[in-house]
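Have a look at the structure below, then the notes.
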Amino acid sequence: MTPQIAFILILLVVALVVLATEILPIEHVALSLTAVLAASGILSAQAAFQGFASETVVMLACVMVLSRRLTESGLLARLSTRLRRGDNPRPRSTGAWLMAVSAGLSSVVTNTSTTAVLIPVVLEIARRIKVHPGRFLMPVAFASMMGGSATLIGTSTNLAASGVLSRLGLPPFGVFEFALVGLTVSVAGIIMLTILGPWLLPANLPAVEDGSGDTRHFMATFKVPEGSPSIGRTLGELGLDTLAVTALAISREGGRVAAHPRRKLLETDKIILQGQGDALIKITHDPRLGLDLDHPAQRVGTSHHTLAEVILMPGTRWLGHSLNAARAGLGPDLRIVALHRSGQTAAALVGRMRLKTGDILLLEGPRDLVERLDRDPDLSLLMPPQPGPPTQREGIYTLAALLFAVLAGTTGVLPFSVALLLAVMALVLTGRFSLEDTFGMISWRILILIGGMSSFGVAMQVSGTASWLAAGVLNTLGDFGPLAVLLGLGLLTILLTQPMSNAAAALTLLPVAIAVADQMGADPRPFAVMVTLSASLSFVAPFEPALLLVYGPGQYRLRDFLRAGVPVTLLSLGILLVMIPMLWPLGIVMR
């Protein structure tokens, strides 16, 4: 092992630890790795920053813009309406149909956009047939990932891996190169979840009887303001029980005391409450109490404002910051009322809680500002506002532009990146939206991640780290044959997707896979396909954005994803192990 190899391995281990512990967002890690690689001389400055100016970054940015426009358009709203009209009273048939729609849509737009659009559809269908939405949401998210793996534009992982192949001197993936594999995985996965869903999905989800599929409880902190009529009165006199709100504790000078109904309230007492979102919102307008805020905020009225629930996405800029810091960052016109965290039962002063990936915030504010949040890559609205009828024409224009790009790119008339950029600019120049609008549709964090991690992958190759790791893989699995090596690479990729994102795991292991093929005297493409699709089809934990979106609405726990995700992941891996050597022959030449 050379000093350069040891240095790269240390960087990799440090990055994995930082990501697993969520000390820093993933884009911070990617940028730090890029800077260290350039400063250490392992990569020149030009090589280190080449990933940020690559063709892949342009393609991915264009796909984000087109996908977002389709998501916001009335075309998908119209599809949602048709789904609601055609729902089947049998849960198993309904689930299979929803999964098929999800898989089909995600081959055109990204899997995250597909899941976000279908969540309100699933909630409405579940309410109508009186089934808990958790029965459908996880399978729909799984299906979006399966369908997204079938095309180059269905998932950022496929696009990012294609770009790294180009940097490593290999031909990029074709737009529909994975189509047959993705279709097979989608069909098999839908059949498996339809048949075994009752056993794989949580068994303790109640049927919905009251017309509401949302029993999520939020936690909020209210204070007894100066001059409040509740001073000197008991906690029970507030009538919280009539709103089905529970007082968990009271924080006052000298420490925290139990929230007993007969406890008399003092000025500046802070009451920690737990209840459903609409009930907590009602309390914010009770003059006897005030929301505990570190920063002054206007009192939000109800006539021209709307409520929203937003989930913090992986790598959010608020990671590790307090809720009060997020309140200050969003400004006085958007008010964070409460927070929901899966598994959080102990009373806590909400404003001081450090935010984590998957936290759900209850917001109140002007509708235009709430709708604008859906363009923030750090947040995702769990119930996106329904677009009005005038936007359906915009959706048709966007779909036509996307189909033009796909047709021009797949037939070789234009490079795919050029075709996608032309599609976006055609929409801009014809007044469909402004160039400034596109900046808000792009998830810059993902572009930074891919730019930085692709440079790290190149560093693994030029430093000899990839060859060194490849030799270790072959020493361990080589005697069992090439299929065992493929399986080992797939399992290693799935393992890395747990602390890292799916795209980052693929970009890290692609150089290793190519080095393994080189040392075996095999064609590197099947090994690259195995790493790419294994990363795209990892369902083990809810860290992929599409899975994170359904985590709260489905009222899932981490073990629920393990229970359903592990069998689906193993099924997908088995299909890859059979189909990859058939479609991409290994071509092993004995040396």
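- Panel note: side chain Ser102, backbone Leu98; no donor-acceptor pair is recorded below 3.5 Å.
- Under the 3.5 Å distance criterion, with hydrogens and angles disregarded, a donor-acceptor pair is assigned to the side chains of Asn158 and Ser536.
- Judged purely by atom type and a 3.5 angstrom limit, Arg563 uses its side chain to pair as donor or acceptor with the backbone of Trp199.
- In this structure, CD1 in Ile450 is found 12.0 Å from OG in Ser455, a value given to the nearest 0.5 Å.
- Side-chain contact between Leu509 and Leu492: present, with at least one pair of heavy atoms (C-beta onward) separated by less than 4.5 Å.
- In this structure, CZ on Phe178 lies 6.0 Å from CH2 on Trp584, to the nearest 0.5 angstrom.
- Using a distance-only test at 3.5 Å, with no hydrogens or angles considered, a donor-acceptor pair links the side chain of Ser106 to the main chain of Gly148.
- Across Thr194 and Ala96, no two heavy atoms sit closer than the pair OG1-CB, 3.5 Å.
- A donor-acceptor pair under 3.5 Å is formed between the side chain of Ser107 and the backbone N or O of Gly104.
- Met145 is not listed as a side-chain neighbour of Thr155, based on a closest heavy-atom distance of 4.5 Å or more.
- A distance of 9.5 Å separates CD in Gln461 from CG in Asp518, rounded to the nearest 0.5 Å.
- Of all non-hydrogen atoms in Ser534 and Ile494, the two that sit nearest each other are O-CG1, 3.8 Å.
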ask   = So Val529 and Phe173, side-chain contact (heavy atoms from CB on, under 4.5 Å) or not? Walk me through it.
value = CA-CA 9 Å; Val529 172; Phe173 293 128; 3.7 Å; yes
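- Looking at His28 and Val18, their side chains never come closer than 4.5 Å, going by heavy atoms from C-beta outward.
- Shown are Thr114, Thr115, Thr112, Thr110; of these, the side chain to side chain donor-acceptor pair (under 3.5 Å) with Ser144 is made only by Thr115.
- Of the possible donor and acceptor atoms, one in the side chain of Gln344 sits under 3.5 Å from a partner among the backbone N and O of Ala346.
- The shortest non-hydrogen separation linking Leu118 to Val140 is CD1-CG1, 3.9 Å.
- Rounding to the nearest 0.5 Å gives a distance of 8.5 Å between OG1 of Thr465 and CH2 of Trp468.
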ask   = What's the verdict on side-chain contact (heavy atoms from CB on, under 4.5 Å) for Met520 and Leu474, showing C-alpha distance, side-chain angles and the deciding distance?
value = CA-CA 8 Å; Met520 292 179 64; Leu474 289 177; 3.4 Å; yes
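- A distance of 12.5 Å separates CE in Met530 from CG in Leu510, rounded to the nearest 0.5 Å.
- Two residues are said to be in side-chain contact when any heavy atoms from C-beta on lie closer than 4.5 Å; Ser162 and Met59 fail this criterion.
- Arg341 places no side-chain N or O within donor-acceptor distance of the main-chain N or O of Asp359, the cut-off being under 3.5 Å.
- Taking the side chain as every heavy atom from C-beta outward, Leu487 and Leu573 approach each other to under 4.5 Å.
- A donor-acceptor contact shorter than 3.5 Å is absent between the side chain of Tyr556 and the backbone of Val550.
- Taking the side chain as every heavy atom from C-beta outward, Ile514 and Leu168 approach each other to under 4.5 Å.
- Here the closest heavy-atom approach between residue Pro171 and residue Arg525 is recorded as O-NH1, 2.9 Å.
- For the pair Pro581 and Leu576, the tightest heavy-atom approach, listed with the atom from each and the gap, is CD-O, 4.0 Å.
- One distance of note links CZ of Phe527 with CG of Leu586; it measures 5.0 Å at 0.5 Å rounding.
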request  = For Leu152 and Phe176, run side-chain contact (heavy atoms from CB on, under 4.5 Å): C-alpha distance rounded to whole Å, both residues' side-chain angles, the deciding distance at 0.1 Å, then the answer.
outcome  = CA-CA 7 Å; Leu152 189 64; Phe176 298 110; over 6 Å; no
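- When side chains are defined from C-beta on, Phe218 counts as touching Glu309, because their heavy atoms get closer than 4.5 Å.
- You'll find the side chain of Phe456 reaches within 4.5 Å of the side chain of Met453, heavy atoms only.
- Residues Ser149 and Leu537 come closest through the heavy atom pair OG-CD2, 3.8 Å.
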ask   = Stepwise, does the side-chain contact (heavy atoms from CB on, under 4.5 Å) test hold for Val473 with Leu469?
value = CA-CA 6 Å; Val473 172; Leu469 291 174; 5.5 Å; no
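- A donor-acceptor pair under 3.5 Å links the side-chain atoms of His340 to the main chain of His217, judged by distance alone.
- A donor-acceptor distance shorter than 3.5 angstrom exists from the side chain of Asn502 to the backbone of Ala535, with no hydrogens or angles considered.
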